[in-house]
Q: 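Just dropping this structure here.
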Protein chains: 2
Amino acid sequence: MATDQTRTAILIAAERLYAERGFSDVTLRDIVAAANVNLAAVNYHFGSKDELIAELFVTRSIALNRERLRELRAAEDEGGGRAEISAILRALVGPILRGCLGPQNQRSAVAQFMIRASIESVPPIRRIKTKEIDHLRKFAGAMQRALPDSSEVDLFWGLHFALAMAHHTIRESERLTKLSDGRCDLDDVEDVIERVVRGAVLGLTARMSAAKSAPKVAAREAR
Amino acid sequence: MATDQTRTAILIAAERLYAERGFSDVTLRDIVAAANVNLAAVNYHFGSKDELIAELFVTRSIALNRERLRELRAAEDEGGGRAEISAILRALVGPILRGCLGPQNQRSAVAQFMIRASIESVPPIRRIKTKEIDHLRKFAGAMQRALPDSSEVDLFWGLHFALAMAHHTIRESERLTKLSDGRCDLDDVEDVIERVVRGAVLGLTARMSAAKSAPKVAAREAR
DNA sequence: AATAGTTTCATACAATTGTTTGAAACGCAA
DNA sequence: TTGCGTTTCAAACAATTGTATGAAACTATT
């Protein structure tokens with residue numbers, strides 16, 4: 001078996017191509033061409049195309065979640081077991097944003113692949129995706145410890161909105177650049193992260209500290 | 001030509017199927033089966049599959065934008081030419097959220113189709129999508145009038161985040177329900193709209209009115 | 001060196017897809 | 001009714017895709 005050259009060559013090429021062009025645009029023939037291996041190698045080493053994608057997703061999902069948890073633990077340690085809400089959210093959205101934005105050359109295939117997976121939702125991935133929820137629960141737990149007075153529902157919405165802003169920014173970065181005539185700088189990743197975190201934190205903390213600052217918000221009229 | 005029965009039957013069936021199952025899962029044979037017409041009818045009436053999708057997208061895009069603008073104008077009229085920022089954002093995200101969430105039976109195929117289009121980004125749609133930016137500029141303009149002291153960049157980010165929260169909520173409604181064990185009620189559309197609008201407005205107005213309320217937000221540590 | 005197990009390769013297969021074709025059916029004016 | 005343009009239809013076509021096959025090449029143990 002040696003070093004599984006062929007196997008890993010396929011994995012690397014598949015991840016890169018899927019990350020760049022999406023699942024629906026990339027065929028097995030594209031992958032084996034990029035990996036410089038024979039077409040039949042995919043079925044020989046992985047059984048089927050779906051199993052290749054599944055293995056890729058599982059591996060990368062673990063890697064991304066590990067990085068997120070690493071940052072979360074670091075933040076918790078720094079705060080003596082209780083992390084700031086902003087640090088928690090930064091740990092949640094930072095890794096994916098850093099991996100998908102910024103200078104082209106230092107973007108990570110892992111993060112870009114995961115975004116594709118979260119966008120396209122191809123069958124083999126959909127089947128696995130349930131596990132992601134367990135991962136998010138850890139962040140929900142940390143948020144609850146950071147903001148013990150907030151309602152659970154509000155916390156879930158805050159978590160959800162943080163991911164919303166992060167993912168949408170990655171997916172529509174081109175549109176935002178065009179809309180703003182380049183004035184929104186998507187290459188300043190740390191600035192983007194702070195904007196996302198700030199937006200989410202405001203939504204989570206406004207009830208307690210800034211409830212009266214935006215009076216008209218709750219007013220309903222139309223319909 | 002009579003009433004173009006076949007043509008419209010194809011359009012209706014295609015919109016419903018695409019909205020329900022996405023572009024990649026629906027074949028022309030699925031569409032003509034649902035529409036009860038012959039396979040060749042698609043190419044006869046539309047030229048190609050891509051042109052069918054393009055016509056659908058253009059039509060529906062116009063319909064959704066019209067509804068958004070109608071609500072925006074209504075809000076502006078009520079405020080004597082200057083709409084509240086919350087009303088502007090409500091006009092932006094309300095129509096799509098109302099069309100995609102809530103009771104299954106009263107969801108609109110238009111809105112669901114547009115979400116699919118914004119998610120999957122199939123070639124014929126990508127080519128047209130530039131026009132959407134012009135539409136968003138109108139909302140950016142209204143926001144600028146509502147918050148003349150805000151920087152343009154912040155306004156664009158606010159607009160972007162509002163759409164982020166709306167679209168992500170539609171796409172990941174199932175996950176949010178599961179994550180929160182059903183405690184986040186996605187069927188209460190008006191509540192969802194208020195949460196999205198509130199989140200976006202807070203981000204836009206916090207600098208002026210609640211800057212000191214969330215002190216730690218801007219602090220950077222880790223790395 | 002010989003052999004057994006693993007891996008690679010060219011090629012073929014079967015299924016699916018969008019598209020085309022040419023004849024049949026239809027609608028309607030002359 | 002006749003004739004003509006439009007629309008429908010069944011069938012076939014060409015291209016693409018994931019998968020399977022069987023022989024060849026390779027590896028390593030005996």
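In what follows, chains are A, B, ... by sequence order, proteins preceding strands, each numbered from 1.
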Q: Applying salt bridge (Lys or Arg N to Asp or Glu O under 4.0 Å) between A:E55 and each of A:R60, A:R7, A:K49, report the one that passes.
A: A:R7
Q: List every contact pair, protein side and nucleotides 8-11 of chain D side both N or O, where the distance is under 3.5 Å.
A:
unit_1, atom_1, unit_2, atom_2, d
D:dT8, OP1, B:T6, OG1, 2.2
D:dT8, OP2, B:H45, NE2, 2.8
D:dC9, OP2, B:N38, N, 3.4
D:dA10, OP2, B:N38, ND2, 3.4
D:dA10, N7, B:N38, ND2, 3.4

Q: Please say which of A:D154, A:L92, A:L159 ends up in a side chain to side chain contact (heavy atoms under 4.5 Å, CB included) with A:M143.
A: A:L159
Q: So, taking the atom named CD in B:E20 and the one named CD in B:Q112, what distance separates them when rounded to the nearest 0.5 Å?
A: 7.5 Å
Q: Are side-chain heavy atoms of B:F161 and B:L204 found at a separation under 4.5 Å?
A: no
Q: Tell me, which of residues 12-34 of chain A have any heavy atom that sits under 4.0 Å from an atom in DNA chain D?
A: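 Residues of residues 12-34 of chain A under 4.0 Å from DNA chain D: A:T27, A:L28, A:R29.
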Q: Round to the nearest Å and state the distance from A:F46 atom CZ to D:dA20 atom P.
A: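 It works out to 16 Å between those atoms.
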Q: Rounding to an integer number of Å, can you tell me how far A:D50 CG sits from D:dT17 P?
A: 16 Å
Q: What distance do A:Y18 atom OH and A:L52 atom CG have between them, rounded to the nearest 0.5 Å?
A: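 It is 5.5 Å, given to the nearest 0.5 Å.
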Q: Please state how far atom CG in B:N43 lies from atom C1' in C:dG18, giving the value in whole angstrom units.
A: 7 Å
Q: Less than 4.0 angstrom from a charged side-chain N to a carboxylate O is my criterion; do A:E71 and A:R98 meet it?
A: yes
Q: Assess whether a salt bridge exists between A:R73 and A:D77, defined as any Lys/Arg side-chain N lying under 4.0 Å from an Asp/Glu carboxylate O.
A: no
Q: Contact between A:T169 and A:V192 at the side-chain level, heavy atoms closer than 4.5 Å - yes or no?
A: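 Yes, at least one pair of side-chain atoms sits under 4.5 Å.
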